[in-house]
Amino acid sequence: MITINENFLKLQDSYLFSNIAGRVAAFQENNPQKNIIKLGIGDVTRPLPPACIAALHKAVDEMAGDATFKGYGPEQGYEFLRQAIADNDFRARGIEVSADEIFISDGAKCDTGNIQELFTTDIKVAIPDPVYPVYLDTNVMAGRTGDYVDGRYQGIYYLESIKENNFIPDLPNKDVDLIYLCFPNNPTGSTISREGLKKWVDYAVESKALILFDAAYEAFIRDKTLPKSIYEIPGAREVAIEFRSFSKNAGFTGTRCAFTVVPKECRGFDSKGKIHYLHALWNRRHCTKFNGVSYPIQRAAAAVYSEEGKTQTKELTDYYLKNAAIIKKEITALGFSSGGGDNAPYIWIDGQGRDSWDFFDMLLKQAGVVCTPGSGFGKCGQGYIRLSAFNSLENVEEAMNRIKTTL
Ligand SMILES: *Cc1c(COP(=O)(O)O)cnc(C)c1O
């Protein structure tokens with residue numbers, strides 16, 4: 001008899017974005033003439049930077065030549081890309097990360113989802129609420145939770161991100177072993193200061209915990225006082241793994257390229273309390289289950305670090321940040337309080353007592369604007385919606401005009 005992993009049965013049936021897609025499709029069917037503006041899903045809308053396209057074309061041509069064809073590459077990624085990342089994203093900023101601590105992959109979603117395989121099922125996991133759903137669902141699948149009761153999985157320590165703490169969770173009041181953090185945050189758009197992040201690193205050192213730091217949106221940070229990498233904090237190399245992606249800075253959501261940083265000192269413990277280094281474990285896992293990102297895509301990603309690439313990706317994030325500023329300004333003028341939008345492409349809007357899905361339906365039906373209901377990201381998201389800056393300037397302006405009329 002083939003028995004199933006019953007942990008899958010604990011998962012909540014509808015993935016947030018398929019639920020949204022269903023409601024949008026139903027509305028569009030009944031209102032075929034309506035031009036719906038999507039400020040919902042966190043997907044970029046602008047094309048790849050020309051520098052990346054040029055590199056991609058060139059690499060495709062290489063695949064057509066006897067002398068330049070490439071078969072399987074190194075599972076961890078080509079040296080040219082790992083070195084470019086280490087030099088530009090870290091060393092140029094005075095952060096110690098070497099090329100062989102960087103693992104290239106086809107997505108930070110997969111990496112943040114897969115990383116938990118390195119740990120036992122009996123660890124105590126702390127996950128933000130609201131949250132990018134991947135962290136939670138992959139721990140459910142792995143059997144680290146009990147059932148879903150009253151909007152929460154039993155056994156998970158929820159790090160509440162609410163207005164009262166400026167959407168930056170407080171340290172846990174009991175011991176946890178694995179901590180997920182994401183800054184700039186999806187969905188709240190909140191950022192964390194150096195001092196704030198230092199508290200988490202110190203906590204992890206003291207309690208022998210590990211931090212999984214999702215920095216997918218670091219390219220949106222303009223405030224120079226904010227940390228772009230957790231490794232800017234002393235001691236973080238022992239206690240943190242960082243996830244980054246080319247999806248949001250360079251528009252690779254459909255192209256697929258990301259990377260995970262596992263410093264050599266980053267440690268875990270066996271059941272006897274003996275130290276083991278996670279670099280070796282992740283390397284083993286990655287090489288066993290993953291066969292590398294395609295060569296042309298890695299060439300395209302490396303072009304992000306060329307002079308033109310740097311200018312062009314900065315232009316991309318500037319463009320979205322301008323949209324974010326417009327959304328933030330208009331929503332504030334309408335009397336709503338919100339988080340994010342300054343160093344992040346998301347604006348997290350307090351619905352002033354409205355239920356998240358009611359607010360979503362109202363904006364869809366009356367303004368023809370798609371947002372993301374905050375409750376879809378967790379219990380603490382109830383009463384909020386997320387607006388995304390990923391759209392054209394024209395659409396953002398039009399959407400905000402319609403919202404003004406509606407509200
Ligand atoms: C978009 C996003 C990512 C990036 O995922 P990819 O798989 O690299 O496209 C990672 N984390 C968060 C929180 C995100 O919103």
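In this chain, residues are counted from 1 in sequence order. Just follow the structure's listing: the first ligand is 1, and inside any ligand the first atom is 1.
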Exercise. Test Asp150 against Lys379 for salt bridge (Lys or Arg N to Asp or Glu O under 4.0 Å), laying out the working first.
Key: CA-CA 9 Å; Asp150 288 337; Lys379 212 170 182 174; 5.6 Å; no
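Here's the thing with Asn186: one of its N/O atoms is less than 3.5 angstrom from an N/O atom of ligand 1. Polar contact with ligand 1: present for Lys248 (N/O pair, distance under 3.5 Å). Residue Gly107 places no N or O, backbone or side chain, under 3.5 Å from any N or O of ligand 1. Close N/O approach between Tyr135 and ligand 1 is not found [any backbone or side-chain N/O within under 3.5 Å].
In this structure, Tyr217 counts as a contact residue of ligand 1, since one of its heavy atoms falls inside 4.0 Å of the ligand. At least one heavy atom of Asp214 sits less than 4.0 Å from an atom of ligand 1.
Lys109 N, 3.6 Å is the protein heavy atom nearest to atom 5 (O) of ligand 1. With respect to atom 7 (O) of ligand 1, the closest heavy atom belonging to the protein is Arg256 NH2, 2.7 Å.
Ion pairing of Arg152 with Glu160 is present here, as a side-chain N (NZ or NE/NH1/NH2) and a carboxylate O approach within less than 4.0 Å.
Between Phe103 and Phe290, the ring center distance fails the sub-6.0 Å criterion. In summary, the aromatic rings of Phe259 and Phe246 are positioned with their centroids under 6.0 Å apart.
Cation-pi geometry between Arg386 and Phe377 is not met: the NZ or CZ atom fails to fall both under 6.0 Å from the ring centre and inside 45° of the normal. A cation-pi contact, defined as under 6.0 Å to the ring centre and within 45° of the axis, is absent between Lys34 and Phe27.
Using a 3.5 Å distance cut-off with no hydrogens or angles, the side chains of Arg144 and Gln116 do pair a donor with an acceptor.
Here Ser247 has side-chain heavy atoms under 4.0 Å from ligand 1, and that is the only part of it that gets that close.
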